[in-house]
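Heads up, the thing below is written out as structure tokens.
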Amino acid sequence: MNSAVESAWARLEALPRPRLEELFAADPARLASLSARLELPDGSGVLFDWSKTHLDAAHLSDFQALAEAAGFAARRAALFAGEVVNLTEHRAAEHTAQRGLGRESSVEEAAALHARMASLVAAIHDGALSEVRHLIHIGIGGSALGPALAIDALARDLALVDVHVVSNIDGCALEAAFAKCDPAKTLIAIASKTFTTTETMTNAASALAWLTENGVDDVYGRVVALTAYPEKAVEWGVDETRVLPFQESVGGRYSLWSSIGFPVALALGWEGFAEFLEGAAAMDRHFLDCDVSENLPLRAAFADQLYAHLRSCQTRAVFAYDERLRLLPSYLQQLEMESNGKSVTADGQPVSGPTAAITWGGVGTDAQHAVFQLLHQGTHLIPVDFIAAIAPGDALDPAHHANLLANCFAQGAALMAGKASADPARAYPGDRPSATVLLDELTPASLGALVAFHEHRTFANAVLLGINPFDQFGVELGKEIAKQIEVGGTRFDASTEALLKAAGIGG
Ligand code: F6P
């Protein structure tokens, strides 16, 4: 840790800790200075409000000093320039090039690959592969969570093709998709950056077997592959014309914008997918061009660090007050925890404090009746993000949506204000922080901006922590041991041996 970083942390740690309502009382301009709106290309916008967090002018100034000392501007420039920012794997991280911002050659290559994807989407819509009513999208982690989120959020009413995302190797997941699809009208998308992931390759083989068993001729003719290793897909049997490649420099959990987004484009139509990319690009431009004092993803990272580092919060919670965003918490879990769940810095030294908080959450109002008790009265301090849209997604009595939003805003107010009571069991301590992200409406562009906001927030946190957010070696050991079990011949600890024996598996 360089000395400027150390002294910025020391100043932050020494700051006083007024309660939230004292912060509002001390600064009449607090709401204005801690909230901001981003306008989007489709005419909608997003409001961000951090006024109910403990960030204040002193925090902002010291966090900005920390960002500068941590080399934020240079690391951001390197990200967008397509430089090697993933040092352990010697790779760039070029997800923004998919949205048109980045190294020129990468942006051009991404545009060419998108054009190829657009042609295949159009051909399928035009009946080139006979009637396609269903798509079973098989992938896992970043090859599934993004498509699942985007389809659930955007394609509920307007899906041109009915998409089922299957990730788990548990055959129950694939069987549930089979039950909803007519094999003669089903296309299988195999989504895997590496085209080697066990779960995905096993599910893909079973999906083809299901087509065969159900009388489909030329089952390979019903397969599309989405991968950074097209030669592996061709070797597996997929026709080259239906292999949609993407660049190796796009990380798995940042790959929704590449051909991994194929089911989104197929369900929404290319125009919808293009709007999704444009919304993300608007957030990219903001993140790239905006000074540290006004930068929205960076500001979110300041709040994250305030709670993780200065207040020792081990978790952060995200509640989507919108049924269409119910998969957002699980999407963010991979993005944030796989990126920043690290114990060493980018140059291999042990970190000096906590890294990623545990991201968890749910959907409002359901979560209010399940876990909010702990948020209001438990012993843990948990910073909360509320995410909602002003325009309803339903066509029912407007009372539904008004009540949904009233509940969302009430929770933030209640967490902050608390309530005194002579009866300790009925007292609310208050001073519990929340931030709110309020979309005008949920559109492809606003979802794109929301996801890109979280990608950049994750990156900004990594810069403040001095860690590499783009590798994920922590997932490998378990995979290796699972392979050893499958192959047989390795002795494990007594507990694992007993479990294997009880289940009758292993060598
Ligand atoms: O095991 C973790 C991981 O590598 C994720 O980072 C990735 O999104 C997922 O597996 C799937 O990988 P692939 O797209 O190569 O199948």
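Model, not experiment: these values are computed from the prediction. In listed order, ligands and their atoms are each counted from 1.
Salt-bridge annotation for Arg99 and Glu455: present, with a side-chain N of the basic residue lying under 4.0 Å from a carboxylate O of the acidic one. In this structure, Asp152 pairs ionically with Arg156, as a charged nitrogen and a carboxylate oxygen lie closer than 4.0 Å. Salt bridge Arg133/Asp182: absent, no basic N to carboxylate O contact under 4.0 Å.
Listed by number with element, the atoms of ligand 1 under 4.0 angstrom from any heavy atom of Gln334 are 5 (C), 6 (O), 8 (O).
Protein heavy atom at the shortest distance from atom 11 (C) of ligand 1 is Ile140 O, 3.2 Å. Nearest protein heavy-atom contact of atom 15 (O) of ligand 1 is Thr194 OG1, 2.6 Å. Nearest protein neighbour of atom 8 (O) of ligand 1, counting heavy atoms only, is Gly142 N, 2.7 Å. For atom 12 (O) of ligand 1, the closest non-hydrogen atom of the protein is Thr197 OG1, 3.6 Å.
Side-chain atoms of His456 and Asn295 form no donor-acceptor pair, as typed in the model, at a separation below 3.5 Å.
Aromatic ring centres of Phe246 and Phe195: separated by at least 6.0 Å. If you look at Phe319 and Trp360, their ring centroids are closer than 6.0 Å.
Proximity of Val475 to ligand 1, defined as any heavy-atom pair under 4.0 Å, is confined to the side chain (atoms from C-beta onward).
Residue Gln247 forms a side-chain hydrogen bond (donor to acceptor under 3.5 Å, both in side chains) with just one option from Lys193, Arg91, Gln98, His95, and that option is Gln98.
For a threshold of 3.5 Å applied to N or O pairs, the pair formed by Lys193 and ligand 1 contains at least one separation below that value.
Comparing Met201, Arg253, Glu338 against atom 6 (O) of ligand 1, the shortest heavy-atom distance belongs to Glu338. Which of Glu199, Glu476, Gln472, Lys479 comes nearest to atom 1 (O) of ligand 1 through a heavy atom is settled by distance: it is Lys479.
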